[in-house]
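Report on the following structure.
Proteins come first, then strands; the chains are lettered A, B, ... in the order of their sequence lines, and each starts at number 1. Heavy atoms only: backbone and side chains are in, while hydrogens, waters and symmetry mates are out.
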Amino acid sequence: MIHHRWDISPSEAIALQGRLAALVRVEPLVGEVHTVVGTDCAFMDGRKRIIAVAVLCDAKSMEVLTSVREIRRCGFPYVSGLLSFREAPAMIAAVRKLPRRLDLLMCDGQGLAHPRGLGLACHVGLWLDLPVIGVAKSRLCGQHRGPGARRGCRAQLRHNGNVVGAVVRTRTNVKSLYISVGHRVTLNESVRWTLKACRGVRLPEPSRRAHQYVSRAKTE
DNA sequence: GCGACAG
DNA sequence: ATCTTGTCGC
């Protein structure tokens with residue numbers, strides 16, 4: 001069963017990740033991608049509440065079509081490797097508020113590039129049964145050679161002998177991004193969509209807009 | 001014991 | 001993530 005309780009202990013969460021990881025599917029996208037959604041979270045009242053934002057963009061122009069938000073009380077502490085238990089509940093609720101259908105989702109964090117193969121992007125993808133790409137700004141696990149300095153350069157991210165993601169230079173001479181599969185998409189498609197969505201800046205447009213919106217919403 | 005550690 | 005202003009470089 002994919003759906004489960006979220007109010008569990010860190011040790012129970014780790015055990016659960018082991019079971020859920022086996023359900024993640026790496027497969028080509030099905031059908032055309034017309035819309036791409038970006039999500040991001042921020043904290044309010046000194047981490048007492050969490051706000052999640054989901055921004056729906058047109059896949060062709062990457063223009064924003066709609067955005068929604070969800071505010072909840074924080075129910076789980078930040079623990080490296082257990083990020084989804086802290087952010088996924090609010091993030092999932094926000095995505096479900098979107099009025100239109102979404103074809104692809106970008107999460108701010110790792111997908112398969114996770115110690116137990118179940119990063120935030122995988123967890124959200126399984127729960128919603130949607131194609132999800134993990135777009136992280138820094139490394140959680142695995143090693144890699146430095147990708148070239150030019151936009152488009154990439155390097156394999158491997159962990160325990162497996163390729164779990166790609167380190168991608170989305171902008172020349174700017175810190176690279178850690179891309180990995182969340183669910184129902186391949187690593188190559190993930191990299192291509194990420195590059196396609198970066199309009200001259202480091203972060204893909206849906207993610208960048210989600211970050212802007214969540215920061216703004218927090219101050220209102 | 002020591003260093004690493006998504007957001 | 002969050003606390004925070006201006007500043008250096010492409």
* **Which nucleotides of DNA chain C pair, in dot-bracket form (Watson-Crick or G-U under 3.5 Å, | meaning another strand)** => ..........
* Structure fact -> 5'-most contact on DNA chain C (nearest-nucleotide basis), A:H211 vs A:N173, goes to A:H211
* **ring-ring contact (aromatic ring centres under 6.0 Å, His included) partners for A:H123, two or more places apart** => A:H4, A:W6, A:F85
* Rounded to whole angstrom units, what separation is found between the CG atom of A:D45 and the P atom of C:dT2? -> 12 Å
* For atom CZ of A:R139, decide whether the heavy atoms of other residues, nucleotides or ligands shown that lie under 6.0 angstrom number more than 12. => yes
* Asked: Does the pair A:K218/A:E220 count as a salt bridge with the N-to-O cut at 4.0 Å?
  -> no
Between the protein and nucleotides 5-7 of chain B, are there any N/O to N/O pairs under 3.5 Å, and if so, what are the atom names and distances?
residue, atom, partner, partner atom, Å
B:dC5, OP1, A:R139, NH2, 2.8
B:dA6, OP2, A:Y78, OH, 2.6
B:dA6, O3', A:S138, OG, 3.4
B:dA6, N7, A:G81, N, 3.1
B:dA6, N6, A:G81, O, 3.0
B:dA6, N6, A:L82, N, 3.4
B:dA6, N6, A:L83, N, 3.2
B:dA6, N6, A:H114, NE2, 3.4
B:dA6, N1, A:L120, N, 3.1
B:dA6, N3, A:Q110, N, 3.0
B:dG7, OP1, A:K137, N, 2.8
B:dG7, OP2, A:S138, OG, 2.9
B:dG7, O3', A:D108, OD2, 2.8

* Which whole-number value in Å describes the distance from A:I51 CD1 to C:dT2 C1'? -> 15 Å
* Answer yes when A:K60 and A:D58 have at least one side-chain N-carboxylate O distance shorter than 4.0 Å, and no when they do not. => no
* **Residues that A:Y178 engages under ring-ring contact (aromatic ring centres under 6.0 Å, His included), provided they are two or more places apart** => A:H144
Just list the side-chain donor-acceptor pairs under 3.5 Å for residues 193-204 of chain A, sequence neighbours left out, or say none.
residue, atom, partner, partner atom, Å
A:T194, OG1, A:S190, O, 2.7
A:R199, NH1, A:S61, O, 3.0
A:R202, NH1, A:K175, O, 3.3
A:R202, NH1, A:S176, O, 3.4

* To do: Verify, without hydrogens or angle tests, whether A:K48 (side chain) and A:C74 (backbone) share a donor-acceptor contact under 3.5 angstrom.
  => no
* To do: Scan A:H123 against the nucleic acid and name what it touches under 4.0 Å (heavy atoms): base, sugar-phosphate only, or nothing.
  => nothing
* Give a yes or no on whether the backbone of A:G148 and the side-chain of A:R169 come within a donor-acceptor separation of less than 3.5 Å. => yes
* **A:R184 bridged to A:D129 by N-O distance under 4.0 Å** => yes
* Asked: Is A:R47 paired with A:D45 through a side-chain N to carboxylate O contact shorter than 4.0 Å?
  -> no
* Could you give the CD-to-P distance, from A:Q212 to C:dA1, as a whole number of Å? -> 14 Å
* Intra- and interstrand pairs of DNA chain B - dot-bracket, Watson-Crick/G-U under 3.5 Å, | marks other strand -> .......
* Asked: In this structure, are over 12 heavy atoms from other groups packed under 6.0 Å from A:H159 atom NE2?
  -> yes
* Structure fact -> Rounded to whole Å, the NZ-P distance (A:K48 to C:dT2) equals 15 Å
* Structure fact -> Taken to the nearest whole Å, NZ/A:K218 to C1'/C:dA1 is 8 Å
